[in-house]
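Keep in mind it's a predicted model, so treat the numbers as computed, not measured. A, B, ... follow the sequence lines: proteins, then strands. Residue 1 opens every chain.
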Number of protein chains: 2
Amino acid sequence: MHTIEDGTGRAAPPGLRERKKRRTRDTLIRSALELFALKGFDGTTVDEISEAADVSQRTFFRYFANKEEVALAVQDSVESFFFARLRERPAAEAPLTALRNAVLASWDSVGEAIESVVPLELHMRTYRMIESTPQLFAAHLHRLARLEEELAREIARREGLDVRTDPRPQVLVAAFGGVMRVTGKLWGERGNAGLEELRKITTRYLDQLGPALAENWRN
Amino acid sequence: MHTIEDGTGRAAPPGLRERKKRRTRDTLIRSALELFALKGFDGTTVDEISEAADVSQRTFFRYFANKEEVALAVQDSVESFFFARLRERPAAEAPLTALRNAVLASWDSVGEAIESVVPLELHMRTYRMIESTPQLFAAHLHRLARLEEELAREIARREGLDVRTDPRPQVLVAAFGGVMRVTGKLWGERGNAGLEELRKITTRYLDQLGPALAENWRN
DNA sequence: GAGATTATGGCAGCCTCTGACAATTGACCA
DNA sequence: TGGTCAATTGTCAGAGGCTGCCATAATCTC
């Protein structure tokens, strides 16, 4: 959201103050993720992160509302990135198709966007940590829920519907989001699979959405 | 899970010690929910809850791992209750039908089960608080995610499938769970709607699952 | 009733997070 | 260039969540 260019492409002239802030923020993220990878989320204190980034603890909390937030910062950017891809889908595409294409499209280029903040490998380790740390996983789900609200609004906008009266956008997004969570979880369990692997799992599981809702599975 | 009889109907002979523990636990829950309703979740300290229940703070943390847990205790029971209803569905029912009937069935009788611990009205207030308190909502979503894993296993068992090879149980449950979250949210926003209202929203939204996945919405 | 278990209370202490105030630093203009 | 204003940071104090440890008190078992 803050540190990853989402592809909108508009460049603003950043003053020294802005650049410094961004640098501090990125340093905090990097320091945190490295420490987390080394000693785990609970095993790392905010004091340690602050010290590694060479700022006071108080400053840490001015950049991140809580310890979870720094752990989810990159993931958060990834989700904004995906959302930006959705907006780019042509209006002619059906809702579910647009969602599907947006995920696949985002994985084509999100890798480099991540690298601009932390090494991809470190982010993947972090992702696995999120899935396996209850407190982080809970916060992650919460963010996804908020993302889904945005998605529903965007789908409704595309189709010219009112989210308050037509349930379909929310229902579609809920189903879609559910599948994405399952695939994310599977991917995380896969240990060290790459983005191609993730792509495979996703298409496979999305393809099962129709069949899964069918009345009779025993055919 | 602990305080609500889930309908399995097995009666064990509880000694004085067990009864006392259960009473303490229930008192803690009631005290907590009342204070939460009065002063909000963040505005209530564990010390206050403990004092209201007439135990030490240390004892509180022996009953609940953290402050969130006591807020979600009743909701947790409700979910176990639903799960028990799912197990009772006849094997002939198709997966989605079984899930749907299980929710509806659980709402027929969960009211009394709740009343055995706290007034229904208080629980509904608590539910709304959960939806509107970020920290609680996150924890709630986490619990739902774990419930969905159980549901997927149960569906797979019913259909004689292996969750590891067939994606359908997980996909179905993910979609179903997503819709349930949306309905729960809507119900919470509805202010003071009763269980009948919840039932209506649920059937309405579940019915939209098929249409929402359709390729073209403009028919 | 004596001894073994188990629940509770009290306390010290770590960690997360916040408010308040002072000091520093960058932005901007005469 | 220097001076003013606004934003950023550090320091400090303190509340609140949560845990380990040990002593005490309450049940359970025989």
Grab the [atom1]-[atom2] distance between [X] and [N] for me, whole Å please.
X        : N       : atom1 : atom2 : result
Glu69(B) : dG17(D) : CD    : C1'   : 14 Å
Arg62(B) : dG9(C)  : CZ    : P     : 8 Å
Phe64(B) : dT19(D) : CZ    : P     : 14 Å
Glu68(A) : dC15(C) : CD    : C1'   : 14 Å
Asp47(A) : dT18(C) : CG    : C1'   : 15 Å
Phe41(B) : dG16(D) : CZ    : C1'   : 12 Å
Glu51(A) : dT16(C) : CD    : C1'   : 17 Å
Phe61(A) : dG14(D) : CZ    : P     : 19 Å

### Task
Please confirm whether any donor atom in the side chain of Arg19(A) sits under 3.5 Å from an acceptor in the base of dG26(C), or the reverse.
no
#### Entry: N-O pairing of Arg22(B) and Glu18(B) below 4.0 Å
no
### Query
Between Arg158(A) and Glu154(A), is the closest basic N to carboxylate O distance under 4.0 Å?
no
### Query
Contact class for Ser50(B) vs. all strands (heavy atom < 4.0 Å): base, sugar-phosphate, or nothing?
nothing
### Query
Which class fits the ring pair Tyr127(B) and Trp187(B): parallel under 30°, tilted 30 to 60°, perpendicular over 60°?
tilted
### DNA chain C: 5'-proximal contact among Val55(B) and Arg17(B) (nearest heavy atom)
Arg17(B)
### Query
Should the pair Arg85(B) and Phe81(B) be classed as cation-pi, given the thresholds of under 6.0 Å to the six-membered ring centre and 45° from the axis?
yes
#### Entry: Verdict with supporting geometry, Leu99(A) and Leu172(A), side chain to side chain contact (heavy atoms under 4.5 Å, CB included)
CA-CA 10 Å; Leu99(A) 286 170; Leu172(A) 172 66; 3.9 Å; yes
Check this one for me: any side-chain N or O of [X] less than 4.0 Å away from OP1 or OP2 of [N]?
X        : N       : answer
Tyr63(B) : dA7(C)  : no
Thr59(A) : dT9(D)  : no
Lys21(A) : dT8(D)  : yes
Lys20(A) : dG26(C) : yes

### Query
What's the closest nucleotide to the Thr45(B) side chain, out of dC22(D), dG16(D), dT19(D)?
dG16(D)
#### Entry: Proximity to the side chain of Arg58(A) - top-ranked nucleotide from dC21(D), dG10(D), dC18(D)
dG10(D)
### Query
Given that Thr24(A) and Lys67(B) both sit by DNA chain D, which one's nearest nucleotide is further toward the 5' end?
Thr24(A)
